[in-house]
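Contents: one structure, followed by commentary.
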There are 2 protein chains.
Amino acid sequence: MRARSVGGVKTKQRPFYRQADDYDPLMPYDPSAFPPFAVTVDLVVLTVRQHALCALVVRRGEQPHQGRWALPGGFVRGDEDLSAAAARELTEETGLLAHDPTHPAPPNAAHLEQLATYGDPKRDPRMRVVSVAHLALAPDLPAPRAGGDAHSARWAPVESLLKQEDAFGRETGHGEPLAFDHARILADGVERARSKIEYSSLATAFCPREFTVGELRRVYEAVWGVALDPRNFHRKVTGTPGFLVPTGGTTTRQGGRPAQLFRAGGATLLNPPMLRPEV
Amino acid sequence: MRARSVGGVKTKQRPFYRQADDYDPLMPYDPSAFPPFAVTVDLVVLTVRQHALCALVVRRGEQPHQGRWALPGGFVRGDEDLSAAAARELTEETGLLAHDPTHPAPPNAAHLEQLATYGDPKRDPRMRVVSVAHLALAPDLPAPRAGGDAHSARWAPVESLLKQEDAFGRETGHGEPLAFDHARILADGVERARSKIEYSSLATAFCPREFTVGELRRVYEAVWGVALDPRNFHRKVTGTPGFLVPTGGTTTRQGGRPAQLFRAGGATLLNPPMLRPEV
DNA sequence: TCAAAAGTGTTCACTCTACACCCATGC
DNA sequence: GCATGGGTGTAGAGTGAACACTTTTGA
């Protein structure tokens with residue numbers, strides 16, 4: 001069902017179509033059978049700051065949607081895998097490294113995974129763009145640094161970024177809706193994060209390398225927007241094999257009685273899962 | 001917040017690059033900044049036949065991988081959304097209609113959802129192709145019909161399609177590995193289906209419109225590859241609100257005592273979930 | 001001494017599992 | 001009758017929610 005063999009026609013070099021001109025004439029195809037697309041990656045980078053789930057947004061410096069906030073992203077290069085493009089954008093925007101889960105996490109590591117692909121023909125008025133969105137989960141960071149373009153960037157609570165979709169009353173100074181279909185992409189990423197911390201150990205990706213049970217609980221509370229019982233939460237996470245490994249140290253940075261410090265354990269799937277309270 | 005009207009300048013038609021020539025000069029961009037990609041959809045179409053989870057594969061009629069089995073798929077058209085392209089391919093290959101879950105299912109309906117996107121620069125030797133894979137779940141069908149091209153198509157047990165990845169001993173006559181990276185895509189689709197029937201009512205997508213509890217149980221057993229206790233299964237599915245609605249009819253098509261017939265209920269998320277036995 | 005956060009013990013309700021048992025059909 | 005699959009009852013183990021209670025620090 002792919003390219004139909006109609007005999008390849010090698011045309012003159014055209015800078016816009018390098019890859020297709022590169023093809024092997026022994027494997028014929030008909031270039032008019034597939035319209036060219038631009039392929040981008042967009043990033044939903046989430047973190048927890050001050051008890052709120054926040055996303056990284058950048059100010060667009062050019063048309064279309066100039067001046068609007070948008071998700072960070074960029075074009076996939078001609079010889080680059082999708083995951084490599086997403087990792088490159090992530091590092092450019094945040095300085096974080098994508099974390100290969102088969103290796104121990106480096107200090108500045110973030111979780112990165114593919115989210116979904118958005119290809120509405122009208123999503124970019126310039127041309128046909130297919131965007132492969134990725135989801136990144138990062139610990140609380142210092143102020144975001146600007147990317148390659150001289151645009152500004154900030155962490156914004158997802159609640160305020162998504163609120164505009166339903167109500168038009170601007171409650172804050174940053175009440176403008178996101179550019180393109182980025183509100184939809186952000187909503188999908190947030191929903192993925194909310195459901196994934198339920199049955200995987202990904203919530204630790206929001207924590208610094210060493211953290212307490214209380215800090216992990218505040219991550220769950222911020223992402224789900226609920227209050228959890230500290231006593232039962234403690235028993236549950238410490239009783240789930242492979243979730244947490246004690247480092248031996250303690251801290252009183254949250255006040256009160258000293259709390260044990262933990263690192264993320266090797267387990268990726270939680271059994272039993274953490275249960276999100278009913279709504 | 002979508003396309004803004006700025007008044008476009010239509011240039012002369014160029015068949016290889018129509019979309020990009022369509023762009024609006026008031027929204028400047030640098031075409032050399034994004035290499036063109038071909039975008040395809042590939043389909044993982046699963047069904048349950050004779051107690052086995054099966055996938056639809058088609059014989060490739062052309063290079064590369066000529067003569068190998070592959071997942072059905074094709075190019076996304078220039079003005080077509082990704083989900084529309086997937087639905088079109090599904091209908092071409094199987095005659096099934098993609099099912100919009102907000103409406104009651106038509107007779108020949110299948111579940112269709114986006115799976116993941118595969119964009120390794122080397123995945124297609126001809127050129128840079130990004131494939132947006134979709135997952136479809138269908139009831140047991142009559143023999144598959146050939147698509148637009150005169151290729152052959154068949155249902156193959158996923159176990160035999162995936163076995164070649166690990167062992168090279170060809171156990172059956174159809175032991176050749178799938179074309180391109182389709183074994184990987186199929187494996188991802190199967191894993192998605194296996195985990196999704198756990199917490200959603202999607203298993204009913206494998207059943208005909210009216211079905212018995214025993215037939216639904218055999219779907220779970222085939223997809224998970226386990227045996228389930230018929231008594232507890234019955235209690236569980238009939239006790240989950242919104243999962244099944246009785247039609248009032250009965251059947252003895254499986255032999256034994258007449259069994260009640262059910263239709264899929266409106267619920268999409270199962271609470272409590274079906275629990276896959278430990279491995 | 002008091003507030004604050006960490007951590008433990010206990011109780012009750014609910015769910016899962018295993019399996020004994022009964023039901024309604026075709027042959 | 002008897003095999004076959006459909007369906008219900010029930011006891012024991014395990015899990016989650018709620019909350020009383022103890023521990024250990026800083027101010």
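What you see below is based on every heavy atom in this structure, not just the backbone, and it leaves out hydrogens, waters and symmetry mates.
Using a 4.0 Å cutoff to heavy atoms of chain B, the contacted part of DNA chain C runs 5' to 3' from C/dC16 to C/dT25.
Distance alone, capped at 3.5 Å, is enough to place a donor-acceptor pair between the B/Trp224 side chain and the B/Arg194 backbone. Side-chain atoms of B/Ser201 come within 3.5 Å of backbone N or O of B/Ala267 as a donor-acceptor pair.
Shown here for A/His134 and A/Val132, the closest heavy-atom pair between the two residues is ND1-O, 3.1 Å.
For the pair A/Lys163 and A/Glu159, the salt-bridge criterion is not met [side-chain N within less than 4.0 Å of a carboxylate O].
With hydrogens and angles ignored, no donor-acceptor pair closer than 3.5 Å exists between the side chain of A/Arg257 and the base of D/dG26.
Using a 4.0 Å heavy-atom distance criterion, B/Arg217 is classed as a sugar-phosphate-only contact.
If you take CG of A/Leu270 and C1' of D/dG16, they are 16 Å apart, rounded to a whole angstrom. Computed from coordinates, the A/Arg276 CZ to D/dA17 P distance equals 14 Å when rounded to whole Å. Atom CD in B/Gln254 sits roughly 11 Å away from atom P in D/dG7 (whole-Å rounding). The CZ-C1' distance, from A/Phe233 to D/dG16, rounds to 15 Å in whole Å. Between the NE2 atom of A/His234 and the C1' atom of D/dT22 there is a distance of 14 Å, rounded to whole Å. Rounded to whole Å, atom P of D/dA20 lies 11 Å from atom CG of A/Asp229.
Inspection of the A/Asp188 and A/Tyr118 side chains reveals an N or O donor paired with an N or O acceptor under 3.5 Å.
Distance from the side chain of A/Pro272 is smallest to D/dG16 among D/dG7, D/dG16, D/dC19. You'll find that the side chain of B/Arg235 is closest to D/dG9, out of D/dT8, D/dC19, D/dG9.
Mapping B/Pro273 and B/Gly255 onto DNA chain C by nearest heavy atom places B/Pro273 at the nucleotide closer to the 5' end. Looking at which nucleotide of DNA chain C each of B/Arg231 and A/Ala259 is closest to, the 5′-most match is held by A/Ala259. Position along DNA chain D of the nearest nucleotide to A/Asn232 versus A/Gly256 favours A/Asn232 as the more 5'-ward residue.
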Using the ring-ring contact (aromatic ring centres under 6.0 Å, His included) rule, take A/Phe233 and A/Tyr220 through it: C-alpha gap first, then chi angles, then the decisive distance, then the call.
CA-CA 10 Å; A/Phe233 183 88; A/Tyr220 275 92; 5.6 Å; yes
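Considering only side-chain N and O atoms, B/Gln260 lies under 4.0 angstrom from the phosphate OP1 or OP2 of D/dG7.
At least one side-chain heavy atom of A/Pro246 sits under 4.5 Å from a side-chain heavy atom of A/Phe262.
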